[in-house]
J.: 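Mind having a look at this structure? Questions to follow.
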Amino acid sequence: QVQLVESGGGLVQAGDSLRLSCAASGRTLSTENMGWFRQAPGKEREFVATITWSDGGTFYGDSVNGRFTISRDIVRSTGYLQMNSLKPEDTAVYYCAVGWATISKSGYRYWGQGTQVTVSS
């Protein structure tokens, strides 16, 4: 079992930056991917970014590519999502997840509880 706890969300203005964290516990991650997804009210949960824990390979959704950066600290068992140039349309609950999928949310087995990000215009 893997437990995931997100933190770092908040209320910011358009153009600002935020860094989300996702602390993993329960067992050591190895070859899994840690992904970030987001869900705005009334919308489907959307893929944001993913990182392969073992080699740091990354992949981004089109809407955040070039603005967001995903990373991980193996020693701290923590993943990060650095979000720059935030836009009001980035407003959502952000979830981290661990699994063996890339962009498909159904392929992620473990999920955090989510952290709210609100971007005002």
Side-chain angles (χ1 to χ4, degrees):
Q1 288 282 353
V2 176
Q3 292 79 45
L4 302 171
V5 178
E6 302 99 333
S7 61
L11 172 63
V12 297
Q13 293 187 332
D16 285 350
S17 298
L18 270 179
R19 188 177 80 157
L20 305 183
S21 299
C22 176
S25 62
R27 63 168 173 80
T28 301
L29 301 183
S30 55
T31 59
E32 301 96 323
N33 293 330
M34 178 179 280
W36 287 92
F37 291 78
R38 66 187 183 185
Q39 189 166 18
K43 294 189 176 181
E44 292 286 321
R45 192 166 295 190
E46 173 192 20
F47 169 76
V48 174
T50 191
I51 187 166
T52 301
W53 202 257
S54 57
D55 64 10
T58 60
F59 186 74
Y60 296 90
D62 290 341
S63 61
V64 306
N65 199 15
R67 298 188 297 125
F68 291 10
T69 302
I70 190 171
S71 62
R72 91 277 193 240
D73 184 326
I74 293 175
V75 173
R76 290 182 170 83
S77 293
T78 300
Y80 303 97
L81 185 68
Q82 177 68 42
M83 306 186 295
N84 298 330
S85 302
L86 283 162
K87 304 175 182 180
E89 51 263 45
D90 294 318
T91 295
V93 178
Y94 283 71
Y95 300 89
C96 71
V98 166
W100 284 265
T102 303
I103 65 172
S104 172
K105 56 183 179 289
S106 64
Y108 285 83
R109 182 172 182 180
Y110 304 103
W111 290 83
Q113 83 288 351
T115 186
Q116 176 71 46
V117 172
T118 303
V119 184
S120 64
S121 58

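Along the sequence shown, the residues carry numbers beginning at 1.
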J.: Nearest 0.5 Å, please: how far is OH in Y60 from OG1 in T50?
T.: 10.0 Å

J.: Per the disulfide bond (SG atoms under 2.5 Å apart) rule, what does the pair list look like for residues 33-79, sequence neighbours excluded?
T.: none

J.: Determine which pairs satisfy salt bridge (charged side-chain N to carboxylate O under 4.0 Å, His left out) with at least one residue from residues 16-35, sequence neighbours left out, and list them in order.
T.: R27-E32

J.: I'd like a table of donor-acceptor pairs (distance under 3.5 Å, sequence neighbours excluded) in which one partner is a side-chain atom from residues 75-82, with atom names and distances.
T.:
unit_1, atom_1, unit_2, atom_2, d
R76, NH1, D73, OD2, 3.0
T78, OG1, R76, O, 2.9
Q82, NE2, N84, OD1, 2.9

J.: With W111, which residues qualify under ring-ring contact (aromatic ring centres under 6.0 Å, His included), at least two apart?
T.: F37

J.: Check for me, please, whether F68 and Y108 land in the same ILVMFWY cluster - side-chain distances under 4.5 Å, paths through other members count.
T.: no

J.: Could you state the interatomic distance from CD (E46) to CD1 (I103), rounded to the nearest 0.5 Å?
T.: 11.0 Å

J.: Tell me if a side-chain donor or acceptor on S85 pairs with a main-chain N or O of G15 at a distance below 3.5 Å.
T.: no

J.: Go through the structure and list residues passing side chain to side chain contact (heavy atoms under 4.5 Å, CB included) with T52, not counting sequence neighbours.
T.: N33, S54, D55

J.: Kindly give the heavy-atom pair with the smallest separation between A40 and A92, and that separation in Å.
T.: N-CB, 3.8 Å

J.: Answer whether the closest heavy-atom distance between the side chains of V5 and Q113 falls below 4.5 Å.
T.: yes

J.: Where is the tightest heavy-atom contact between A14 and S121, given as atom of each residue plus distance?
T.: CB-CA, 4.4 Å

J.: Side chains of I74 and R72: closer than 4.5 Å at any heavy-atom pair?
T.: yes

J.: Please report the interatomic distance CG(L29) to OH(Y110), rounded to the nearest 0.5 Å.
T.: 10.0 Å

J.: Partners of T58 by side chain to side chain donor-acceptor pair (under 3.5 Å), sequence neighbours excluded?
T.: none

J.: When hydrophobic residues are tied together by side-chain contacts of less than 4.5 Å, even through go-betweens, does F47 share a cluster with M34?
T.: no

J.: Does T91 offer a backbone N or O that forms a donor-acceptor pair with the side chain of T118 under 3.5 Å?
T.: no

J.: Calculate, to the nearest 0.5 Å, the distance between atoms CD and CD belonging to Q39 and Q116 respectively.
T.: 11.0 Å

J.: Quick one: which residue pairs count as a side chain to side chain donor-acceptor pair (under 3.5 Å) with a foot in residues 95-105, not counting sequence neighbours?
T.: S104-S106

J.: Check side chain to side chain donor-acceptor pair (under 3.5 Å) between E89 and all other residues, then give those that pass, not counting sequence neighbours.
T.: none

J.: Which pairs, with at least one residue in residues 6-109 and sequence neighbours excluded, count as a disulfide bond (SG atoms under 2.5 Å apart)?
T.: C22-C96

J.: ring-ring contact (aromatic ring centres under 6.0 Å, His included) with Y94: which residues, sequence neighbours excluded?
T.: none

J.: Listing request: all salt bridge (charged side-chain N to carboxylate O under 4.0 Å, His left out) pairs with a residue in residues 58-67, at least two apart in sequence or in separate chains.
T.: R67-D90

J.: Looking at residues at least two apart in the chain, or sitting in another chain, which of them share a side chain to side chain contact (heavy atoms under 4.5 Å, CB included) with L18?
T.: V12, M83, L86, V117

J.: Return the minimal non-hydrogen interatomic distance between A24 and V2, and the atom names on each side.
T.: CB-CG1, 4.3 Å

